[in-house]
There are 2 protein chains.
Amino acid sequence: MRKRGYSLAEQLLDTLEERGYRSTSPRRAVANVIAGQERHFTAEELREKLPEVGRATIYRSLKILVDAGVLCRVLLEDGNLHYQLSHRGHHHHLLCVECGASEDLLGCDIEDLLQSVSAAHGFQLSGHWLEVYGRCQSCLQTQVPA
Amino acid sequence: MRKRGYSLAEQLLDTLEERGYRSTSPRRAVANVIAGQERHFTAEELREKLPEVGRATIYRSLKILVDAGVLCRVLLEDGNLHYQLSHRGHHHHLLCVECGASEDLLGCDIEDLLQSVSAAHGFQLSGHWLEVYGRCQSCLQTQVPA
DNA sequence: ATATTAATGATACCTAGTCTCGAAACTAAT
DNA sequence: ATTAGTTTCGAGACTAGGTATCATTAATAT
């Protein structure tokens with residue numbers, strides 16, 4: 001839908017502008033770092049990479065991006081909250097506990113299953129939270145190489 | 001397996017003793033409150049009910065009870081951590097967002113489903129976290145009574 | 001009874017995040 | 001280009017929820 005050379009960071013900023021947010025230099029900095037992020041990251045990590053950006057601004061930006069749907073919150077097994085770029089729509093993550101890789105879990109029947117199980121209990125489903133932890137293919141292969 | 005009149009609070013303390021923990025008066029107080037708890041509760045709520053017990057002791061006790069498997073951590077939709085008595089084994093919760101009621105989700109195929117989905121992605125499953133939110137039967141019924 | 005060890009509470013500390021507020025920066029209208 | 005009206009900013013105070021330290025106290029083993 002957009003011209004070539006249109007970077008991810010620019011996309012993020014455009015999404016914000018569409019929602020009435022101004023394009024400011026701290027937000028550009030945040031967008032650039034996030035766009036270059038290969039894995040999920042914490043607010044603290046973002047802060048370390050952008051020491052010139054105020055703490056409140058980091059948290060504000062994260063919140064805005066989550067609300068806009070371009071970032072999603074991820075709960076790690078240790079209970080820590082991370083963020084990662086979200087691919088369109090509601091989904092869940094497969095998180096590698098070794099290298100931190102994550103994959104989106106799509107096209108599976110979890111939603112339907114939950115719906116029917118809830119109904120069986122007389123519950124009207126309103127939401128759910130699911131994270132799946134494990135070891136990814138490449139970590140399994142490099143493991144015990146001797 | 002035990003004599004009659006054997007209360008839940010006593011069971012909790014026995015579980016601790018079996019694990020080498022001493023039976024102390026703060027722990028008895030904690031066990032009594034937890035045993036009488038009908039819903040999930042926060043560390044803070046426990047603290048309010050036991051102002052004579054030190055903060056550190058409250059948290060230490062909760063940790064021990066979670067490790068022992070008699071309590072489990074529950075993540076609410078608002079992101080807050082709660083605790084509730086766990087019925088044997090690994091399971092998930094249906095949590096009513098209106099009244100706070102919770103039911104264990106048992107005997108469903110979620111584990112199997114996750115196992116096969118993970119395998120399809122080349123992941124070796126090590127764990128997962130699932131909470132399901134909604135409205136329970138009785139809240140649905142009392143809703144809009146006019 | 002005594003020695004040993006575990007557990008306690010007070011308090012200091014920490015992490016992660018929110019709130020406040022005057023200053024700075026962005027945008028739109030002249 | 002200036003200006004007016006907003007939004008956003010960062011510094012720093014503050015908060016919630018939890019952990020670490022440690023001298024004292026209490027529970028158990030001998």
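The model shown is predicted, which means the values in this text are computed figures rather than measured ones. A, B, ... follow the sequence lines: proteins, then strands. Residue 1 opens every chain.
Between Leu16(B) atom CG and dT28(D) atom C1' there is a gap of 16 Å when expressed in whole angstrom units. Across the protein-nucleic acid pair, Glu52(B) atom CD and dA7(C) atom C1' stand 16 Å apart, rounded to whole Å. Rounded to an integer number of Å, the gap from CD1 of Ile58(A) to P of dT15(C) is 18 Å. Distance CZ (Arg19(B)) to P (dA27(D)): 22 Å, rounded to an integer number of Å. Atoms CG (Asn80(B)) and C1' (dA16(D)) sit 10 Å apart, rounded to a whole Å. Per the geometry, CG belonging to Leu62(A) stands 9 Å off P belonging to dG17(C), to the nearest Å. Atom CZ in Arg73(A) sits roughly 11 Å away from atom C1' in dG17(C) (whole-Å rounding). Residue Leu50(B) contributes atom CG, which lies 12 Å from atom P of dT8(C) at whole-angstrom precision.
Counting only heavy atoms from C-beta outward, the side chains of Glu131(B) and Leu95(B) approach each other to under 4.5 Å. Gln37(B) places none of its side-chain heavy atoms less than 4.5 Å from the side chain of Leu46(B). Within the 4.5 Å cutoff, the side chain of His121(B) has heavy atoms near those of the Leu105(A) side chain.
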Would you list the atom pairs, donor with acceptor, under 3.5 Å between side chains in residues 48-69 of chain B and any protein atom, with sequence neighbours excluded?
from, atom 1, to, atom 2, distance (Å)
Thr57(B), OG1, Arg60(B), NH2, 3.4
Ser61(B), OG, Thr57(B), O, 2.7

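Side-chain proximity of Glu44(B) to the nucleotides dG17(C), dC9(D), dG17(D) is greatest for dG17(D).
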- Item | Heavy-atom protein contacts under 4.0 Å, nucleotides 18-30 of chain C, coded B base, S sugar-phosphate only, - none | BB-----BBS---
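If you run side-chain hydrogen bond (donor to acceptor under 3.5 Å, both in side chains) between His40(A) and each of Arg73(A), Gln84(A), His82(A), only His82(A) comes through.
Between the side chains of Ser126(A) and Arg135(B), no donor N or O sits under 3.5 Å from an acceptor N or O.
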